[in-house]
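So the structure is just underneath, and the comments pick up after that.
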Amino acid sequence: MPDQPILEVAVPAPLRQHFDYLPPSGHVGELPAPGSRVRVPFGRRRMVGVVVGSRFANVAERRLRRVEEVLDETPLLGARDLELLAWAARYYHHPLGEVIATALPTRLRKGGAIDIDVVQRWRLTQAGQALAPDELVRAPRQAAVHALLAEHQEAGADDFASLDGDWRAALRALSGKGLVERFEIAARERDLEAVERAPRHALNPGQVAAVEAIVSCEGFAPFLLDGVTGSGKTEVYLHAIERVLARGGQALLLVPEIGLTPQLLERVAGHFGRRPAVLHSGLADGTRQAAWRAACEGDADVVVGTRSAVFVPLARPGVIVVDEEHDPSFKQQDGFRYHARDVAVVRAREAGIPVVLGSATPSLESLRNAGLGRYRTLRLPARAGDAAVPAVDLVDLRGRKLSAGISPQLLQALDEELDAGRQALVFLNRRGFATTLICHDCGWIAGCRRCDARMTLHLARERLCCHHCGSERRPDSRCPDCGGEDLRPLGQGTERLEAVLAERYAAAGVVRIDRDTTRRRGSLDAKLAAVHGGQARLLVGTQMLAKGHHFPEVTLVGVVNADAGLFGTDFRAAERVAQQIVQVVGRAGRAQHPGRVLVQTHHPEHPLLQALVHSGYHAFAEAALQERRQAGLPPWTHLALLRAEAVDASAPDDFLERARMLLPSGAGVDAYGPVPAPMARRGGRQRAQLLLQAPRREPLQRLLDTWIEAVERLPAARRVRWSLDVDPIELF
Ligand code: ADP
Ligand code: ZN
Ligand code: ZN
């Protein structure tokens, strides 16, 4: 029998292999090239897979199934894209089919054609425009949709998606009354729409040097752009990108969260006179696919996206920028657990282009890479505009009488600033009203029934919420243990802080910015506008305040609690808190009023805090790096974490024990565990983990290559949910 052509197909299934198929029946001519999607039978289902290779072999025809349909005439993914995805699958030890699925917009993943890209939009009719606002008071959803359209002239599914309730029903009702009409536009036009160019700054010498360094390199060149907040890093990205575009390249700009940084998109658009293609998970399928296509066909010069955009095919890759490279949201924490910053560096190396990692508070990993000479550091030590970085003081909380967690010193400072008509910001990285509810009679605490965690009290919504598994319930009115009725909120959340401060500083106007107050589209913008317009002069919020925005009129920053990070369970907790504090502080102040910062703590003598406050982030980072070195932790060593969870309490340990027994000895890799996860029960499941640690990456990778396949075959693996996390950033 002659050799048969065989297609190797990656399917989105949790299996670390590809599958062989025969070409479709009646197939003549060329085989579908790697990167083309095909519809294949898989078990009793049909799946959309991607061809990753082909070969000729002598196989009995009846042993193989046939591809049912070839979905792409020209491959959707190029050879470079496939190589990157295959690298990521190997490095993170995740099934290639699932890795590829991560890289594709949903519609393409499901087999949809690439070239349907009209997007539906809605606008008000004349009758709708003439409608008086109070005519819809009895239909709040319709009123919300109407208000959104009145404000933005037109809107699409993306814009409506964050409204509460069934906005489609509201739209239908409004259309029925003749108040709203639907229309279609080519998605491409909307995405890459021209806009007016914004005036530009002349770059300062530090910025010029940074831009020149980035654009003058040939081939792969990794940079760490290390510049304080407001030093003009974004300006450097934009000018470097502009030079790359002039040479015919495309630019990929990765950001942590687009919803929080609308100003960045405006700046990109204003700089280039054209909206960039935008890729993030909050977009409607059609819009996202259109942006994806514009990127891979080369229509979009500039592509701005979150984490998964690191995989978007680019026709002419020219430069990759990772803004706020320290931000943990670049790491995917479930399923395919990749780190977009690290993938970006590998991608740039494969493509032979520069990559710029920018931050005011670089991760310890990147600082170490810079120290080793793997990255070239570009420094912007001073603020670009008319701003100075304020001085920081520690407030010793020991023995102080606190109101809502705030010391008399901080209150006095707030009095002074707000009385003088200036603005202030209070940072507390915990949302909700109180940490939990406690019984004053017996000490009972409102715990989650499914997790080893307390329920957070959200007073306005009258709910107890578990921030770990999402369970909610009405706050108890009596103690379930002793029947007592004196249940009190315990601990501080931003909601309580806001309530207390709003009472004391009613005249100043208090706004709270956290995930609970900014769920609706437009609400963040409205709050920011109130701050910038001066109607609200006291800001309260979580780390959302640490991202993207700038509050030049703020002259006082209060950090309510620095201690959580110093004594957090995770070895990265201190780094996170230091980054948050520095980022929040960096959002405030101008030269005329550099202002001041008060950081509250019960441990003012803590060496890391001392380093941070007196010598700044880099001194802190240096001290933290030395601590990590002594403890043998990353970036000095490399980790992989095998996690397991199950309803059956003994199954995770059993599985991990067996997995541990499969480890070869003398491989240069140490194993710790199994141990219970820091939160041993979550969502009703028992959780445990096995930690692998190695001084070098290669032996760890080599071990994982064979070990994970053996682990997968363990019968005990079928009784748990398990996952492997290479370079975990959280140990739970
Ligand atoms: P970063 O990204 O480091 O936070 P930005 O690029 O956002 O800094 O710049 C901070 C502020 O300084 C912005 O308002 C920006 O317009 C302004 N700025 C940046 N570069 C210059 C410059 N060379 N001259 C004057 N202002 C500048
Ligand atoms: Zn009680
Ligand atoms: Zn829970």
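Counting convention: from 1, in listed order, for ligands and their atoms alike. Small disclaimer: the values here were computed from a predicted structure and weren't measured. One-based numbering along the sequence shown.
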Heteroatom test (N, O or S) for H467 near the Zn ion (ligand 3), limit 2.8 Å: no

Could you confirm whether C469 has any N/O/S atom lying under 2.8 Å from the Zn ion (ligand 3)?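 So C469 counts as coordinating the Zn ion (ligand 3), yes.
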
Just to verify, which of R449, R450, R461 counts as forming a salt bridge (charged side-chain N to carboxylate O under 4.0 Å, His left out) with E472? R461

Could you say whether the N/O atoms of [X] and ligand 1 ever approach to under 3.5 Å?
{"X": "G230", "result": "yes"}
{"X": "L203", "result": "no"}
{"X": "T234", "result": "yes"}

Are S231 and ligand 1 in contact, using a heavy-atom cut-off of under 4.0 Å?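 S231 counts as a contact of ligand 1 under the 4.0 Å cut-off.
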
May I ask you to list the atoms of ligand 1 that are less than 4.0 angstrom from any heavy atom of N204?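 Close to N204: 23 (N).
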
For ligand 1, which atoms sit closer than 4.0 Å to a heavy atom of G232?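 Selected atoms, number and element: 1 (P), 3 (O), 5 (P), 6 (O), 8 (O), 9 (O), 19 (C).
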
Tell me the contacting part of [X] for ligand 1: side chain, backbone, both, or neither, using a 4.0 Å heavy-atom threshold, strictly below.
{"X": "R267", "answer": "side chain"}
{"X": "A202", "answer": "backbone"}
{"X": "H201", "answer": "side chain"}
{"X": "Q207", "answer": "side chain"}
{"X": "V228", "answer": "backbone"}

Counting only N and O atoms by type, is there a donor-acceptor contact under 3.5 Å from the side chain of [X] to the main-chain atoms of [Y]?
{"X": "R341", "Y": "E325", "answer": "yes"}
{"X": "R537", "Y": "R422", "answer": "yes"}
{"X": "R200", "Y": "H271", "answer": "yes"}
{"X": "Y237", "Y": "V356", "answer": "no"}
{"X": "R376", "Y": "L224", "answer": "no"}

Using a strict threshold of under 4.0 Å (side-chain N to carboxylate O), is an ion pair present between [Y] and [X]?
{"X": "E365", "Y": "R572", "value": "yes"}
{"X": "E730", "Y": "K331", "value": "no"}
{"X": "D525", "Y": "K527", "value": "no"}
{"X": "R643", "Y": "D725", "value": "yes"}
{"X": "E462", "Y": "R474", "value": "yes"}

Tell me the angle that SG of C448 and SG of C451 form around the Zn ion (ligand 3), rounded to 10°.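 An angle of 110° at the metal.
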
So what's near the Zn ion (ligand 2), protein N, O or S atoms under 2.8 Å? C439 SG, C442 SG, C479 SG, C482 SG

As a quick check of understanding, evaluate side chain to side chain donor-acceptor pair (under 3.5 Å) for E575 and S363, giving each step before the final call. CA-CA 8 Å; E575 178 185 352; S363 62; 5.1 Å; no

Let's go through H239 and H201 carefully: what are the C-alpha distance in whole Å and the side-chain angles of both, what is the deciding distance for ring-ring contact (aromatic ring centres under 6.0 Å, His included) to 0.1 Å, and is it a yes or a no? CA-CA 11 Å; H239 281 86; H201 302 290; 9.0 Å; no

